[in-house]
Amino acid sequence: MAGCRLGNVEYVVCKDNNRKVRAFHNVCRHHASLLATGCGKKSCFVCPYHGWTYGLDGILLKATRINGIQNFNENDFGLVPLPVAMWGPFVLLNLDGKLSSKLDVDEDKVAREWLGTCADVLRLNGVDASLSYVCRREYTIDCNWKVFCDNYLDGGYHVPYAHKGLASNLNLESYSTELFETVSIQSCKGGGESKGDDYDRLGPEALYAFIYPNFMINRYGPWMDTNLVLPLGPRKCLVVFDYFLEASFKNDDSFIQQSLEDSESVQNEDIILCEGVQKGLESPAYKFGRYAPSVENAMHHFHRLLHRNLTK
């Protein structure tokens, strides 16, 4: 189970005793205490405030010290459910209160709504449920969330200047961008130098998918990582990286450590860039820039979607 928050919605995701994925508002029906924090394994939810207990299917199992309560029906006080669906390795929730009663979800329809016509492209390029989860890394960055997204979406423009180690392992002449409804996919072939005969973190091709407005899926070699960009204010954001790996590599500690170190180096280089851009945006010397049409198509696509949302 995992307890999380989005905006003012506290929610928890779990598998019930039949291994079915479920999601609920993470709020006790007694006095609104949060039930679960972090991740872990439990056989039920026990409220830390007054001990009310709920099954993993959301049913109220025990309400403590309720003698004397009139007109109390325990069936009316189960956890409030949320519609949930699976696509590949991802758990998708719908937090729209108007839809909370529609719990039977068509997962193919969800994929089309979330990814549009690129769902099959991602599936065919190894974005699937066969990958093993490795770890999470979080970065608090002194820049607006959009600055981080822009950096991701510049078509590899900054890679040869800011990521020389990464650039040496990519064929940047092959860099391409494909646009979909609310998704852009950047891809680049490998073929550069490697650190040794047995080390190939990036593989023959790297794919970088941006799902509007703030989620990225990166598939390369045996790895997949996802980036979720969360605004913390006008000049600060939190970027959450989750790493996944093909099962055949999950016990290769040396490969995992080296790969994570290389990824960390790239993230630190990007942090320097993004924090510098934030300072530059606040300078009186900067008014607006121009798009480089040969590379910054994904960024322009992102800005058009954002403008549409902000002005509709």
Side-chain angles (χ1 to χ4, degrees), residues 1-30 32-47 52-61 73-123 127-131 133 136 180-183 209-217 224 226-231 240 242 244 305 309 312:
M1 65 178 65
C4 306
R5 177 184 178 92
L6 182 63
N8 65 346
V9 178
E10 301 281 353
Y11 63 90
V12 64
V13 179
C14 67
K15 286 186 177 180
D16 65 18
N17 295 329
N18 295 318
R19 308 298 293 168
K20 180 180 179 180
V21 177
R22 294 181 179 268
F24 305 96
H25 287 271
N26 186 18
V27 179
C28 180
R29 297 296 304 279
H30 179 220
S33 173
L34 297 187
L35 291 171
T37 57
C39 302
K41 294 183 179 181
K42 294 286 185 180
S43 60
C44 59
F45 299 106
V46 180
C47 178
W52 284 37
T53 303
Y54 303 85
L56 298 180
D57 54 4
I59 293 174
L60 177 63
L61 301 177
N73 185 341
E74 62 184 17
N75 294 327
D76 296 333
F77 284 85
L79 297 180
V80 178
L82 289 164
V84 60
M86 298 289 296
W87 188 87
F90 304 114
V91 180
L92 308 175
L93 306 184
N94 191 321
L95 303 183
D96 187 342
K98 298 176 183 177
L99 301 177
S100 61
S101 61
K102 300 178 181 179
L103 300 178
D104 293 328
V105 177
D106 181 338
E107 296 186 355
D108 289 335
K109 181 179 179 181
V110 168
R112 291 192 298 272
E113 290 177 349
W114 185 43
L115 299 170
T117 54
C118 81
D120 288 339
V121 175
L122 295 179
R123 186 183 292 110
V127 180
D128 58 51
S130 67
L131 302 167
Y133 182 72
R136 169 171 288 190
F180 299 86
E181 295 89 343
T182 57
V183 178
F210 178 84
I211 302 170
Y212 179 82
N214 63 339
F215 189 63
M216 299 97 165
I217 303 172
M224 182 180 78
T226 62
N227 319 149
L228 177 64
V229 189
L230 301 172
V240 180
D242 285 307
F244 304 80
L305 292 171
N309 280 166
K312 68 179 181 180

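Just so you know, residue 1 is the first one in the sequence shown, and it goes up from there.
- The nearest pair of heavy atoms linking F24 to C14 is CE1-SG, 4.1 Å.
- No donor-acceptor distance shorter than 3.5 angstrom exists from the side chain of R112 to the backbone of W114, with no hydrogens or angles considered.
- Here CG of L79 is found 6.0 Å from CG of L35. Values are rounded to the nearest 0.5 Å.
- When all heavy atoms of V84 and V21 are compared, the closest pair comes out as CG1-O, 3.5 Å.
- The line from CH2 of W52 to CZ of R29 is 9.0 Å long, rounded to the nearest 0.5 Å.
- Residue pairs satisfying the salt bridge (Lys or Arg N to Asp or Glu O under 4.0 Å) criterion with at least one member in residues 73-91, sequence neighbours excluded, are absent.
- Listed by chain and residue number, T117 satisfy the side chain to side chain donor-acceptor pair (under 3.5 Å) test with E181 (two or more places apart in sequence, or in another chain).
- H25 is listed as a side-chain neighbour of V9, based on a closest heavy-atom distance under 4.5 Å.
- The closest side-chain heavy-atom distance from N227 to V240 is not below 4.5 Å.
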Given the rule in the side chain to side chain contact (heavy atoms under 4.5 Å, CB included) test, do Y11 and L93 qualify, once you have shown the distances and angles that lead to the verdict? CA-CA 10 Å; Y11 63 90; L93 306 184; 3.3 Å; yes
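- N73 places a side-chain N or O within donor-acceptor distance of the main-chain N or O of N75, the cut-off being under 3.5 Å.
- Contacts of Y212 classified as ring pair (Phe, Tyr, Trp, His ring centres under 6.0 Å), with partners at least two apart in sequence or in another chain: none.
- At least one side-chain heavy atom of P89 sits under 4.5 Å from a side-chain heavy atom of M224.
- Under the rule for a ring pair (Phe, Tyr, Trp, His ring centres under 6.0 Å), the partners of F215 that lie at least two apart in sequence or sit in another chain are F90.
- Scanning for side chain to side chain donor-acceptor pair (under 3.5 Å) contacts around R22 gives D16, with sequence neighbours left out.
- When all heavy atoms of L56 and N17 are compared, the pair lying nearest together is CD1-OD1, 4.0 Å.
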Could you walk me through whether F77 and H30 pass the side chain to side chain contact (heavy atoms under 4.5 Å, CB included) check? CA-CA 8 Å; F77 284 85; H30 179 220; over 6 Å; no
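- Of all non-hydrogen atoms in L60 and T53, the two that sit nearest each other are CD1-O, 3.4 Å.
- Under the side-chain contact (heavy atoms from CB on, under 4.5 Å) criterion, Y133 pairs with R136, D242, F244, not counting sequence neighbours.
- Nearest approach of C39 to A2, heavy atoms of both residues: SG-CB, 3.7 Å.
- The two residues V27 and A32 have their closest heavy-atom pair at CG1-CA, 3.5 Å.
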Set out, in order, the CA-CA distance, both residues' side-chain angles and the distance that settles side chain to side chain contact (heavy atoms under 4.5 Å, CB included) for L82 and L95, then state yes or no. CA-CA 7 Å; L82 289 164; L95 303 183; 3.7 Å; yes
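- Remark: side-chain polar atoms of N26 are paired, donor with acceptor, to backbone N or O of A36 under 3.5 angstrom.
- Here L122 contributes atom CG and F180 contributes atom CZ; the two are 7.5 Å apart, rounded to the nearest 0.5 Å.
- Within the 4.5 Å cutoff, side-chain heavy atoms of L115 are placed close to those of W87.
- In this structure the side chain of D57 never reaches within 4.5 angstrom of the side chain of K20, judged on heavy atoms.
- To the nearest 0.5 Å, atoms OG1 (T37) and CZ (R5) are separated by 13.5 Å.
- Put simply, SG on C47 and CG on L34 are 9.0 Å apart, with the number rounded to the nearest 0.5 Å.
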Give the intermediate values and the outcome of side chain to side chain contact (heavy atoms under 4.5 Å, CB included) for residues F45 and C28. CA-CA 9 Å; F45 299 106; C28 180; over 6 Å; no
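- Here the CD-CG distance, from E113 to L92, works out to 10.5 Å after rounding to the nearest 0.5 Å.
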